[in-house]
Amino acid sequence: MRDSRLPAKRGACALILCAATAAPAGAAAQDSGGGSAYVATPKVAKVTCLRSCASKKRLRGGSVLKVTGTELAGVNRLTFHGSYGKADDLAVKVRPGSDTRLQTRVPLGAVTGPISLTTAAGGRSSLSRAVLILPPLPPAPNPELSPVPGPRVAGAPGLETGTSSTKAFVGARPGVRFSYRLSGASATSLKVELVSAADGTVVKAWTPQDVAPDVAQTVSWNGRIGRAAARPGRYSFRLTAAGADGTVARNSQTGDVQRDSFDLYDHIFPIRGPHDFGGAAGRFGAGRAGHIHQGQDTFAKCGTRLVAARGGRVKFKQYHALAGNYIVIDGDGTDVDYVYMHLDQPSPFSAGDRVYTGQTIGAVGDTGDAVGCHLHMELWTGPGWYDGGHPFDPLPSLKAWDSWS
Ligand SMILES: [Zn+2]
């Protein structure tokens, strides 16, 4: 069998049959020319869930899974292939373990589908049978200080923690707040870390000094890393307090994506009340006398509160015969300009003002050329509104923001 023909043969077989008819371990290195090194080909026999499971056979984001099989010792990467082509593939690093079993954590974004294993030497398993993966559990609400679960470590400080919200928005103020209180033994060192659940990296850290016991302390975060917007997704506050004798207390274990956790979103839906997206006439690109409709109309009662979908700097606040009262905000950490029209009153903000994500900018109205109370919203690419940018269809964004706001 020639080396070069193997991939074509594998690619042609059906998914489930592949597992049964895949070449034997080591075949990839068989070579009519001779002389090449043996490359172990890992093989997946079974995938089960070990911890934080939906059930033994059903994983969810954040679960720890176990793979049993053969030639696993050199595996350093596990790929979740998902269900929808390459776009939903997710790979995680795997620490080398035994030849017949390995374990790793399911990333939050992984979806149902086959998995495969890759070794550092380039060996690659066939695709496994589809592994069932449910969405991760939502963050556990913990808005008030509460004792950290689990047995207290003797000699370590006692900990209470709380996190103000299970949802946060980039650029909102106040940000999401993490509070903590120590009791009993005092801490000689204290660290608060903000961990991204997507990859386990610490995106921000605080090292408070001289924290008195029995007094609540708070840190807060606005969804930014420096000036840039952090990636949307699950984040957790992790508090580590060491006592004088070196014993350590923590509010959660590595990989816990519920305790003192929240989901960060990049926008909030701007209409804070019942609303609907209307019919074809209100869509982006619909015909108008002499031009096309450059935004999306969303209908709501006049007077419904309007907030900034994304904070930024106000570029224009004006009245126009067609647009009525309108305001244009240059979004922070993005090239996009956000345009809100037909407000019932002029916005209290003026050009140059800074606005936070979620801050009230006015109310739905029908000023200007409007039939019925609605928000006409436009989104423009950089450099911006009538300034070299161009409008794009806001409806997909509005629907996404609406789904989580
Ligand atoms: Zn409109």
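Just so we're clear, the structure is a prediction, and the values are computed from it rather than from any experiment. Both ligands and their constituent atoms are indexed starting at 1 by order of listing.
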Taking NE2 in His291 as the centre, count heavy atoms belonging to other residues, nucleotides or ligands within less than 6.0 Å. Is the count above 12?
yes
Residue Lys315 excluded, over 12 heavy atoms near NZ under 6.0 Å
yes
Which word best sums up how the rings of Tyr235 and Phe262 line up, parallel for under 30°, tilted for 30 to 60°, or perpendicular for over 60°?
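Parallel.
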Per-pair distances, 0.1 Å, donor-acceptor, side chain in residues 356-366, under 3.5 Å, sequence neighbours excluded:
residue : atom : partner : partner atom : Å
Tyr356  : OH   : Arg173  : NH1          : 2.8
Thr357  : OG1  : Val170  : O            : 2.6
Thr357  : OG1  : Gly311  : N            : 2.8
Gln359  : OE1  : Tyr356  : N            : 2.9
Thr360  : OG1  : Arg305  : NH1          : 2.8

Tell me every residue that passes salt bridge (charged side-chain N to carboxylate O under 4.0 Å, His left out) with Asp263, counting only those two or more places apart in sequence or in another chain.
Arg234
Would you tabulate the side-chain donor-acceptor contacts of residues 205-220 under 3.5 Å, counting partners in other chains and residues two or more places apart, or write 'none'?
residue : atom : partner : partner atom : Å
Gln209  : NE2  : Thr207  : O            : 3.1
Thr218  : OG1  : Ser179  : OG           : 3.0

Counting only protein N, O or S atoms and ignoring waters, those under 2.8 Å from the Zn ion (ligand 1) are His293 NE2, Asp297 OD1, His376 ND1
